[in-house]
Amino acid sequence: MSRATATAHPNIALIKYWGKRDLGLNLPAVGSLSLTLDRFHTTTQVTWGAPRDEVHLNGSPAASSFARKVLAHLDRIDPHRPPCAVDTHNSFPTAAGLASSASGFAALTLAGIVAAGLLYDPIRASILARQGSGSACRSLWGGFVRWHRGTRADGQDSHGEPVAGPDHWDVRMVVALVTSAQKAVGSTEGMIRTRRSSPYYPTWVETSEADLSEGLAAVQARDLERLGTAMERSTYKMHATMHTAEPPILYWQPATVAVLHTVAALRQRGVGAWCTMDAGPNVKILCEAADAHAVARAVGEQVQQVEILGPGGDPTVEIE
Ligand code: PMV
């Protein structure tokens, strides 16, 4: 029996991933760029060689669909593995568009590899994590991370790559929590439906590469207006494909729209702040560290809760 505990941070896409070119391997239709966040994290302990397969989430036995996904992921690490026990905790709401699947599968991959006694190679781990949840392949590093779309059918060239560490740029993500309820349409189902039925989907794919180049250049230049503008464009295009799917997918709540207007009004007053949303109603606002409290105050009355997060670091792992 051996045991390892890993901690990983969620990441928020600045240039979005939406749509799969291969469902089974979670290969993306587009490349993406993210920021790993500090403070929020998933901690996952894997016991390699337990009396039976067992999965706990936030202190309780996990729902069987969740447990199946977790155990199937350990099978990817070693198809001949012994029974394993997994105990995972999120320091923030699970499955509410706050990227808990990203930090979750990153932590599970890292703890699993180390508990299994395998050599840890971050690129290999990123390729494995991607198969659990696409966005997880970006949480194997801190700071700004690019996920290569790749072209190979086996997905060996589709993984994360660190583009700038957490100290490169002291920006903030203000998370405006509209609700912590679980989302009605999961991201995989949403992507399948969008790709199948939205007339805008091909345009989304065709124009995403230019947004990615713009985002990467803006990060290198630490140009917030350039990055924020590209991020909002990528976000609105992604949601436009959802809104035009059949049946439509509308994650936005009235408070989501209220926050979008508040941030646009802040910008009119000279505050550099830009919005992004994922597969859920919560809004994440990118701004300078010096403006974060003003942004949080402005959106605070419209939502349940506001959190200010900065760039986070690499995942960590301990062997017991
Ligand atoms: O990989 P998933 O299933 O967590 O999908 C993530 C999709 C978005 O959060 C909407 C965009 C992204 O790039 O993270």
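None of the values given here were measured: they were computed from a predicted structure. Just so you know, these numbers use all the heavy atoms, side chains as well, and skip hydrogens, waters and symmetry mates. Remember, it's 1-based here, ligands and their atoms both numbered in the order they're listed.
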Self-check item: Atoms in ligand 1 with a heavy atom of Ala279 nearer than 4.0 Å
Solution: 10 (C)

Quiz item: If you measure from atom 4 (O) of ligand 1 to every heavy atom of Gly134, Ala13, Ser135, which option wins on shortest distance?
Solution: Ser135

Practice problem: Check each atom of ligand 1 against the heavy atoms of Met191 and keep those under 4.0 Å away; list them by number with element. | Solution: 5 (O), 7 (C)

Exercise. Identify whether the distance between the nearest side-chain nitrogen and carboxylate oxygen of Asp278 and Lys284 falls below 4.0 Å.
Key: yes

Quiz item: Does His148 offer a backbone N or O that forms a donor-acceptor pair with the side chain of Ser158 under 3.5 Å?
Solution: yes

Self-check item: For Ser187, the ligand 1 atoms whose distance to one of its heavy atoms is below 4.0 Å
Solution: 2 (P), 3 (O), 5 (O)

Quiz item: Taking 4.0 angstrom as the limit, do Arg3 and Asp87 come out as a salt bridge?
Solution: no

Quiz prompt | N/O separation below 3.5 Å, Asp278 to ligand 1 | solution = yes

Self-check item: Partner residues of Asp22 under the salt bridge (charged side-chain N to carboxylate O under 4.0 Å, His left out) criterion, sequence neighbours left out
Solution: none

Quiz item: Can a salt bridge be assigned to the pair Asp170 and Arg172 using a cut-off of 4.0 Å between side-chain N and carboxylate O?
Solution: yes

Practice problem: State the atoms of ligand 1, each with its element, that fall below the 4.0 Å cut-off from a heavy-atom position in Trp18. | Solution: 10 (C)

Exercise. Return the minimal non-hydrogen interatomic distance between Leu140 and Pro315, and the atom names on each side.
Key: O-CD, 3.2 Å

Quiz item: Any non-hydrogen atom of Ser133 lying under 4.0 Å from ligand 1?
Solution: yes

Self-check item: Location of contacts on Arg138 toward ligand 1, heavy atoms closer than 4.0 Å
Solution: side chain

Quiz item: Between Asn11 and Thr36, is any side-chain donor less than 3.5 angstrom from a side-chain acceptor?
Solution: no

Quiz prompt | Contact with ligand 1 for Ser101, non-hydrogen, under 4.0 angstrom | solution = yes

